[in-house]
Amino acid sequence: MILRCRLAFLVSIIAANLAWAAHSFENTAIVRTAELGGSLVHVTTTYAIKALEPKASIYTVVLSPDEQEKTSWLEIRQKGRQAPLQVEAHELDAVNNVYLYNVQLPKALSTNETTNLIVETIQTHATYPWPEQAAQNDDQTLKYETDLYVLSPYKTAVQRSKIRALVPRILSYTTPEDIEFTTEIPVTKSGATVTYGPYHNIPPSSNSEFVQKHQKHVTVHYGHDFPCAQITKLKRAAEISHWGANLNINDDIVLHNGGPALKGHFSRLGYQSQTFYNRPAPTILNWFTLHLPAGIRNVYYYDLIGNVSTSRLRLAPSAPKTLTANPNQYSIMEVRPRYPVLGGWNYTFTLGWDAPLADSGSFDSKTGKYIVGVPVMTVLPDAVVEDAEVKIILPEGATDIEFFPPFPAKNQTISTHITYLDTVGRPALTFHYERLTDKHSGIIYVTYKVPFLAHLRKPLAVATAFIGLFVLAMGWRRVDTRLDTRQKL
Amino acid sequence: MADYSAIQALHKSAPAFSPYVPVGLLPYIAFVLLGGTFALAFYFSTLPKTTVPVQETLIASLASVLGGFGVVALFNSVGVYV
């Protein structure tokens, strides 16, 4: 009885909330552009909103459950401002089965005042190869599925969705039927863009009646001329050394080609003729470019068999972080796997380097804390990282450890890591992330203190080993180890 | 978020990390210290055997301390940044 009362209360609160939200704004126009890539889809939705009541400042953006599952990065900006807006973490509206994002406008709008909101999201695993298998020389075509209408709790005057591929090769697209919101053709295609719309006068759509009655699925089948790289697992270990003033970054990467699986056998002859006539097949991942930080040295790239020598590296000189000379200088590495990665194949390798600690570490003498910034990952453009683990290994004896990740991790742990010349072990922070995209290129800041005596721990440990040897020697000299005492010593 | 931008600003403004011993000197320091350890160990082996090993212990401790720092400097100069 009490539970039902509580449930009814909750439902009424949510319904009242939605009713209140539905009255304070109106969408004059919604334009959604989905830029199709290999494993990532970049969706930009622009809402032109008009406030219907004074002091309207909280706008609700709605995602369907399908969209919510695929979205792994979301940012909302107001047109004219660079900084992203404050977004309240999503809540599930269980009654209508949609996800609500409440965004706080920096300046409240008065009645009939308009502004533009830009919602950028990156969707992962939204495309899939179709046909699922392709021979070595075949074309690579992918399919993208999405909903026809952009859901919104407010009335919309006009709405259109554009789906744009990288190359103008659209094989097929769904033509929706029985659309009440337009009298013209519901879909048009020009070049690489398929436009659904414009649709006029759509009522508040973030409720289950609208979804059941009007919402449709559309599928676009397009050609994609670049290999779909995915990183199945990334394990990054960043080791900080104070004696050597060095930050070592070590990446263990499992690379996967997410395109159509190879049908038949891999023909080395066919592959050689492709490279000879310079006609690379879009399904084959031959090489990719990584932008490594400037000022690195001792770069190593090996896999299970051994060193991989088929890559090229152009180093950039170190840029101290206090100088604002050129913060965007990178060492360019053209990574070429040991074998061409065909559709469905994997390649596991290790890539790492040493960098001077002065480039990423600083010391705040007022609090006595060291601050080190470790990038979460080296971005591989248009690739999704399924499972990432970043382990930051601090020097021995580090205390007062605080960490500031750029975006919340799935979970984080502190453990003890033991390596060369360690006695008590070093504290190691491990962050677990899932489904990272190329927008997730942030820096994790860690602050810690190391007392002076902790720095001396290593030399004293080695000194203790030496003393042990000397004591052994002192004992050995005083013991008579002759077998025959008549023999001279 | 304010936390994050605060620590980012602090990281940019604080002076860069500088070790107690300049890294470029580490190979030479390693050579000198380990050379000293070797010389003292040789001298240790020539000392007379007394009942209370005062001189031996002193030389052994000195050699060990030099050897400790020397080995750490050696590790760093060959690329194992401990």
Side-chain angles (χ1 to χ4, degrees), chain A residues 86 239-248 298 320-322 354 356-367 369-373 395-396 402 404-407 419-422 442-443 445-447 452 455-456 458-471 473-474 477-478, chain B residues 1-26 29-30 33-34 37 40-41 44-51 53 55-82:
Chain A
Q86 187 83 355
E239 193 169 313
I240 302 173
S241 160
H242 276 196
W243 276 110
N246 186 64
L247 176 68
N248 171 271
N298 303 341
K321 62 169 190 59
T322 46
D354 287 327
L357 191 54
D359 284 354
S360 40
S362 53
F363 178 62
D364 182 28
S365 42
K366 274 195 294 291
T367 51
K369 281 180 169 257
Y370 293 93
I371 311 163
V372 175
E396 224 178 355
E402 282 177 359
F404 303 87
F407 35 86
T419 182
Y420 305 106
L421 301 187
D422 277 351
I443 300 183
Y445 290 103
V446 184
T447 66
F452 180 71
H455 281 120
L456 297 184
K458 271 200 229 316
L460 290 180
V462 181
T464 315
F466 270 111
I467 281 261
L469 285 177
F470 279 115
V471 167
M474 285 200 281
R477 302 169 83 201
R478 288 162 171 74
Chain B
M1 266 302 125
D3 236 354
Y4 185 77
S5 30
I7 200 75
Q8 199 172 25
L10 180 61
H11 179 252
K12 273 203 176 65
S13 61
F17 174 85
S18 63
Y20 295 131
V21 179
V23 179
L25 288 185
L26 279 179
I29 294 176
L33 290 179
L34 288 179
T37 310
L40 282 178
F44 169 86
S45 65
T46 63
L47 290 174
K49 285 178 279 201
T50 59
T51 358
Q55 208 184 8
E56 277 179 286
T57 324
L58 277 177
I59 298 292
S61 334
L62 186 58
S64 309
V65 167
L66 286 185
F69 282 93
V71 166
V72 172
L74 177 71
F75 268 61
N76 279 313
S77 49
V78 295
V80 180
Y81 293 99
V82 289

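Predicted, not measured: the structure shown is a model, and the values here were computed from it. Residue numbers start from 1 in every chain, and the chains themselves are labelled A, B, ... in the order their sequence lines are given, proteins ahead of strands.
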So, the part of B/Ser77 with a heavy atom under 4.5 Å from chain A: the answer is neither
Correct closest heavy-atom pair for B/His11 and A/Ser360 would be NE2-O, 2.8 Å
Can you tell me how the ring of B/Tyr20 sits relative to the ring of A/Phe452, calling it parallel under 30°, perpendicular over 60° and tilted otherwise?
perpendicular
Most contact-rich option vs chain B, by heavy-atom pairs under 4.5 angstrom, among A/Leu460, A/Ile443, A/Thr464, is A/Ile443
Among B/Val21, B/Ile59, B/Leu47, the residue with the most heavy-atom pairs under 4.5 Å to chain A is B/Leu47
The interface call for A/Thr447 against chain B, heavy-atom contacts under 4.5 Å, is side chain
Taking the side chain as everything from C-beta on, heavy atoms only, tell me whether B/Phe17 gets closer than 4.5 Å to A/His242. yes
Residue set satisfying ring-ring contact (aromatic ring centres under 6.0 Å, His included) with A/Phe363, at least two apart, ordered chain then number -> A/Tyr370
Smallest heavy-atom separation, B/Val82 atom then A/Ser241 atom, equals O-OG, 2.7 Å
- Message: Are the side chains of A/Asp354 and B/Tyr81 in contact, using a 4.5 Å heavy-atom criterion?
- Response: yes
In terms of heavy-atom pairs under 4.5 Å with chain B, the winner among A/Asn298, A/Val462, A/Thr419, A/Val372 is A/Val462
Cut-off 4.5 Å, heavy atoms of chain B, and the answer for A/Leu456 is side chain
Let me have the donor-acceptor pairs involving side chains of residues 61-73 of chain B, under 3.5 Å, with sequence neighbours excluded, atom names and distances please.
from: B/Ser61; atom 1: OG; to: B/Thr57; atom 2: O; distance (Å): 2.5
from: B/Ser64; atom 1: OG; to: A/Ile467; atom 2: N; distance (Å): 3.3
from: B/Ser64; atom 1: OG; to: B/Ala60; atom 2: O; distance (Å): 2.7

For A/Phe404 and B/Tyr4, the nearest pair of non-hydrogen atoms, with its separation, is O-CE1, 3.4 Å
Okay, A/Glu239 and chain B: the region with an atom under 4.5 Å from a heavy atom over there is side chain
If one checks every heavy atom of A/Leu357 against chain B at 4.5 Å, the contacting part turns out to be both
Is there side-chain contact between B/Leu40 and A/Phe470, with heavy atoms separated by less than 4.5 Å?
no
Of all heavy-atom pairs linking B/Ala14 and A/Ser362, the shortest is O-CB, 3.7 Å
Rounded to the nearest 0.5 Å, the CD1 atom of B/Ile7 sits from the CG atom of A/Asp364 at a distance of 8.5 Å
* To do: Verify, without hydrogens or angle tests, whether A/Arg477 (side chain) and B/Pro48 (backbone) share a donor-acceptor contact under 3.5 angstrom.
  => no
